[in-house]
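Working notes, beginning with the structure itself.
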Protein chains: 2
Amino acid sequence: MDISQFVAQSIGHWRSQRSAHHLAFSHFEAVLSEIEIVALPLDHPEVLQLCKAYQVDPTMAVSPFHMSWEGESDWDENAAPIKGSTVLVPVPDPQVPNQGKLLRDQGYAETVAAAGDYVIQPDGTFVLTTSYDRAAAEERIWFANPKLRFRVSLIKTSAGSGVVTASFASEIKTR
Amino acid sequence: MDISQFVAQSIGHWRSQRSAHHLAFSHFEAVLSEIEIVALPLDHPEVLQLCKAYQVDPTMAVSPFHMSWEGESDWDENAAPIKGSTVLVPVPDPQVPNQGKLLRDQGYAETVAAAGDYVIQPDGTFVLTTSYDRAAAEERIWFANPKLRFRVSLIKTSAGSGVVTASFASEIKTR
């Protein structure tokens with residue numbers, strides 16, 4: 001599995017069932033959401049803009065995509081729905097197979113632009129690590145079959161050793 | 001990481017926070033439990049008995065252990081606590097590094113004896129697959145640090161393609 005195949009399998013509409021474990025106080029959070037992943041052309045203005053922002057040659061980019069999500073958490077019944085979207089641009093390392101940078105215009109743990117480092121493991125698991133000012137995130141995504149994928153996300157302290165939140169999503173492709 | 005190191009890291013008392021996703025109807029189940037993992041000597045009667053039951057030469061076994069758990073689920077408030085214990089005996093494949101059989105006297109998905117096949121991946125993730133009469137189980141366990149491990153378990157139909165339940169446990173070593 002290379003990054004193009006991984007992105008190609010991810011394109012579509014997903015129904016996501018996510019559990020977050022807030023480890024310090026053994027709290028469970030349940031989130032149901034809908035995720036839409038759409039391929040973007042390499043010359044899409046937002047792709048070119050993101051490459052420019054990170055000073056990356058756009059001809060190095062591969063399989064850019066747009067991701068949007070909308071969901072509800074049982075954490076706070078009165079909260080507004082969780083909603084957002086981001087553009088993501090994989091930039092493979094020309095020297096090392098199956099690893100590279102993932103540019104995006106908005107990160108998970110902070111609301112600023114962030115580039116992560118990805119590696120696709122021999123078993124096809126996509127592992128993304130992203131460092132922020134005050135936190136670090138690790139995400140693992142793998143397919144059980146073409147219509148079912150799993151995602152484990154860890155939010156760590158910036159030092160990297162302490163995991164604050166661990167979450168697990170089961171995602172079923174609905175179209 | 002080899003099987004001896006993996007078992008050695010697992011020995012101790014763990015506080016487990018587990019979420020199960022029942023995929024067909026997007027149901028969330030939350031389970032809090034305590035897990036105790038204790039090393040057993042290679043000549044422990046239960047280890048020898050298990051080797052005999054599976055017709056395995058006991059000198060092939062490595063790092064056997066006893067695991068017990070006790071917990072509570074929010075699935076059925078009136079249910080008795082989830083409680084159990086099992087003896088597990090890794091038997092490395094002499095031909096292939098970092099893979100082998102895991103014998104146990106009781107499986108997860110059924111209450112009969114079951115042997116699984118394990119592989120330790122290059123990143124240290126332990127992956128166990130077990131086939132039962134009417135189901136198959138896949139379990140992935142990895143350490144974020146020596147005192148924090150994660151466990152993803154899938155229960156599949158016996159054909160192996162359909163995942164019925166996916167669960168995720170965050171486990172913190174408390175002693």
Side-chain angles (χ1 to χ4, degrees), chain A residues 15-34 71-74 98 119-125 127 129 136 138 140-157 159-174, chain B residues 15-34 71-74 119-127 129 136 138 140-157 159-174:
Chain A
R15 194 181 71 219
S16 170
Q17 180 176 1
R18 185 164 71 88
S19 294
H21 296 169
H22 301 276
L23 298 180
F25 45 117
S26 296
H27 184 85
F28 290 90
E29 182 184 358
V31 182
L32 284 172
S33 57
E34 301 286 330
E72 279 183 28
S73 162
D74 68 348
N98 290 327
V119 178
I120 297 175
Q121 296 190 336
D123 72 342
T125 303
V127 182
T129 50
E138 182 191 299
R140 293 172 170 259
I141 303 176
W142 70 98
F143 289 87
N145 63 52
K147 299 207 160 194
L148 177 62
R149 65 177 213 171
F150 297 108
R151 198 152 52 92
V152 170
S153 310
L154 308 181
I155 306 292
K156 306 178 182 186
T157 54
S161 58
V163 177
V164 180
T165 305
S167 78
F168 176 63
S170 303
E171 303 185 330
I172 295 169
K173 192 179 246 180
T174 55
Chain B
R15 194 181 72 220
S16 171
Q17 181 176 0
R18 185 164 71 87
S19 293
H21 297 170
H22 301 277
L23 298 180
F25 47 115
S26 296
H27 184 85
F28 290 90
E29 181 183 0
V31 182
L32 284 172
S33 58
E34 302 284 331
E72 279 183 28
S73 162
D74 69 348
V119 178
I120 297 175
Q121 296 190 336
D123 72 342
T125 303
F126 173 89
V127 182
T129 51
E138 183 191 298
R140 292 172 172 261
I141 303 175
W142 70 98
F143 289 87
N145 64 52
K147 299 206 160 195
L148 177 63
R149 65 177 213 170
F150 297 109
R151 198 153 52 93
V152 170
S153 309
L154 308 181
I155 306 292
K156 306 178 182 186
T157 54
S161 58
V163 176
V164 180
T165 305
S167 78
F168 176 61
S170 302
E171 303 185 331
I172 295 167
K173 193 179 246 180
T174 55

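Values below: all heavy atoms of this structure, side chains included; hydrogens, waters and symmetry mates excluded. Within every chain, numbering begins at 1; the chains are lettered A, B, ... in the order of the sequence lines, protein sequences first and strands thereafter.
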Pick from B:Asp123, B:Leu32, B:Ile172 with the largest number of heavy-atom pairs that fall under 4.5 Å of chain A: B:Asp123
Under 4.5 Å from a heavy atom of chain A, the part of B:Val152 involved: side chain
Under 4.5 Å from a heavy atom of chain B, the part of A:Leu23 involved: both
By side-chain contact (heavy atoms from CB on, under 4.5 Å) - contacts of B:Glu72 (at least two apart): none
Heavy-atom pair of closest approach, residues A:Ser26 and B:Arg15: OG-NE, 3.6 Å
Any side-chain heavy-atom pair of A:Phe28 and B:Ser19 under 4.5 Å: yes
Sidechain-backbone polar pair: A:Gln17 side chain, B:His27 backbone, donor-acceptor under 3.5 Å: yes
Spatial distance of atom CZ (B:Arg140) from atom OG1 (A:Thr125) [nearest 0.5 Å]: 5.0 Å
Results of salt bridge (charged side-chain N to carboxylate O under 4.0 Å, His left out) for B:Glu29 - residues two or more places apart only: none
From B:Arg18 atom CZ to A:Phe168 atom CZ, the distance as rounded to the nearest 0.5 Å: 11.0 Å
